[in-house]
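Comments concern the structure below.
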Amino acid sequence: MRLHVFGLGNPGKKYEMTRHNAGMIVLDGLARNCGGKWIKRKDYDSFLTKIDGTELELVKPKRFMNNSGDVLAIMGLTDEEIGESLFVADDFELKLGALRFRRAGSSGGHKGFSSVESYTGKKFQRLKIGIGPLPEGEDPAEFVLSSFEASQEDQLSEVLEKSFEAIIDWALKGIDYAMNKYNRQYCSKEEDRR
């Protein structure tokens with residue numbers, strides 16, 4: 001079975017390097033590192049690329065975050081295929097640098113995960129990319145739609161490199177291995193419980 005990894009975010013130049021697009025940023029970097037080229041699939045309303053030598057297909061929906069789950073219906077994926085897919089998105093409750101895999105669970109208020117839930121329920125695998133912490137008193141909607149600070153570039157590069165490795169490990173060794181390795185390594189105990 002081909003494994004799908006979905007990078008959730010918002011389409012268009014305006015949102016390209018915003019925190020809310022962490023999922024797409026990760027997939028862009030992984031495709032670049034592995035020599036993948038994005039192909040625009042109008043029939044899927046997405047950009048797709050394959051990682052050579054694996055059964056891994058990366059998908060960037062061209063829908064806005066709130067409607068990213070629509071692509072699952074357009075692609076005609078079965079419940080089993082969706083359950084075996086990985087959805088990558090931002091999480092402002094995790095500090096920048098934290099990675100957190102989850103086998104299932106609630107959306108936690110994340111609009112992209114809520115959209116996916118509407119098609120598949122709560123049983124889908126996810127990788128959360130820490131973009132926080134949310135500054136005290138700041139509106140979460142404004143924070144996630146803002147760009148990363150110039151001072152965070154080095155840290156962001158490190159997060160991307162860890163994310164590439166984490167996704168490949170997930171694809172080759174499974175969700176349990178990925179949770180044990182990356183949740184412990186990159187999340188505090190408190191963050192891992194969220």
Side-chain angles (χ1 to χ4, degrees), residues 1-12 14-16 18-31 34 36-52 54-94 99-129 131 141 144-145 163-164 166-176 178-179 182 194:
M1 178 193 306
R2 182 169 297 284
L3 293 174
H4 295 88
V5 180
F6 291 83
L8 304 187
N10 290 313
K14 178 181 177 182
Y15 300 103
E16 214 167 61
T18 61
R19 291 177 170 89
H20 216 23
N21 270 33
M24 286 188 173
I25 293 168
V26 165
L27 262 61
D28 278 334
L30 180 57
C34 297
K37 296 199 187 307
W38 291 107
I39 298 167
K40 189 175 185 179
R41 288 286 303 264
K42 289 184 180 177
D43 53 337
Y44 287 171
D45 203 19
S46 301
F47 291 94
L48 277 75
T49 190
K50 295 176 184 174
I51 301 299
D52 289 340
T54 72
E55 286 294 307
L56 200 56
E57 188 167 71
L58 308 183
V59 184
K60 291 193 306 179
K62 292 193 305 170
R63 300 286 176 105
F64 280 90
M65 183 71 86
N66 297 3
N67 300 313
S68 47
D70 294 356
V71 173
L72 300 174
I74 294 169
M75 290 178 71
L77 297 180
T78 65
D79 287 346
E80 183 184 7
E81 287 172 318
I82 295 170
E84 293 298 319
S85 297
L86 183 68
F87 296 83
V88 185
D90 61 290
D91 188 334
F92 65 74
E93 292 190 13
L94 298 176
L99 302 178
R100 183 170 177 256
F101 280 95
R102 274 289 171 257
R103 177 188 307 284
S106 72
S107 67
H110 191 283
K111 303 295 186 193
F113 289 152
S114 293
S115 181
V116 173
E117 269 183 21
S118 67
Y119 286 92
T120 189
K122 296 179 180 180
K123 293 186 178 178
F124 62 92
Q125 299 175 58
R126 60 206 82 188
L127 171 59
K128 297 181 178 188
I129 309 295
I131 62 165
V144 299
L145 292 177
S163 300
F164 306 156
I167 290 170
I168 297 299
D169 275 345
W170 167 83
L172 298 176
K173 300 176 183 176
I175 187 72
D176 289 329
M179 287 171 64
Y182 295 97
R194 288 191 196 117

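All residue numbers refer to positions in the sequence shown, counting from 1. Side chains are part of it too, since the values below use all heavy atoms of this structure and drop only hydrogens, waters and symmetry mates.
For the side chain to side chain contact (heavy atoms under 4.5 Å, CB included) test with K128, the passing option among L99, D91, V88, D90 is D91; the others fail. Of the residues E80, R126, H4, E57, the one that meets the side chain to side chain contact (heavy atoms under 4.5 Å, CB included) test with S85 is H4.
The shortest non-hydrogen separation linking V5 to L27 is O-CD2, 3.4 Å. The heavy-atom pair separating R102 from I175 by the smallest distance is O-CD1, 4.1 Å. What you find for V144 and F92 is that their closest heavy atoms are CG1-CD2, 3.8 Å. In this structure, I131 and R19 approach most closely via the heavy-atom pair CD1-CB, 3.5 Å. Closest non-hydrogen pair, S107 versus E117, comes out as N-OE2, 2.7 Å. The two residues P11 and K62 have their closest heavy-atom pair at CG-O, 3.3 Å.
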* Trace of the side-chain contact (heavy atoms from CB on, under 4.5 Å) decision for Y119 with L77 -> CA-CA 10 Å; Y119 286 92; L77 297 180; over 6 Å; no
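Put simply, the side chain of L56 reaches to within 4.5 Å of the side chain of I168, judged on heavy atoms.
Ion pairing of D28 with K60 is present here, as a side-chain N (NZ or NE/NH1/NH2) and a carboxylate O approach within less than 4.0 Å.
Between F87 and F6, the two ring planes are parallel [angle under 30°; tilted spans 30° to 60°].
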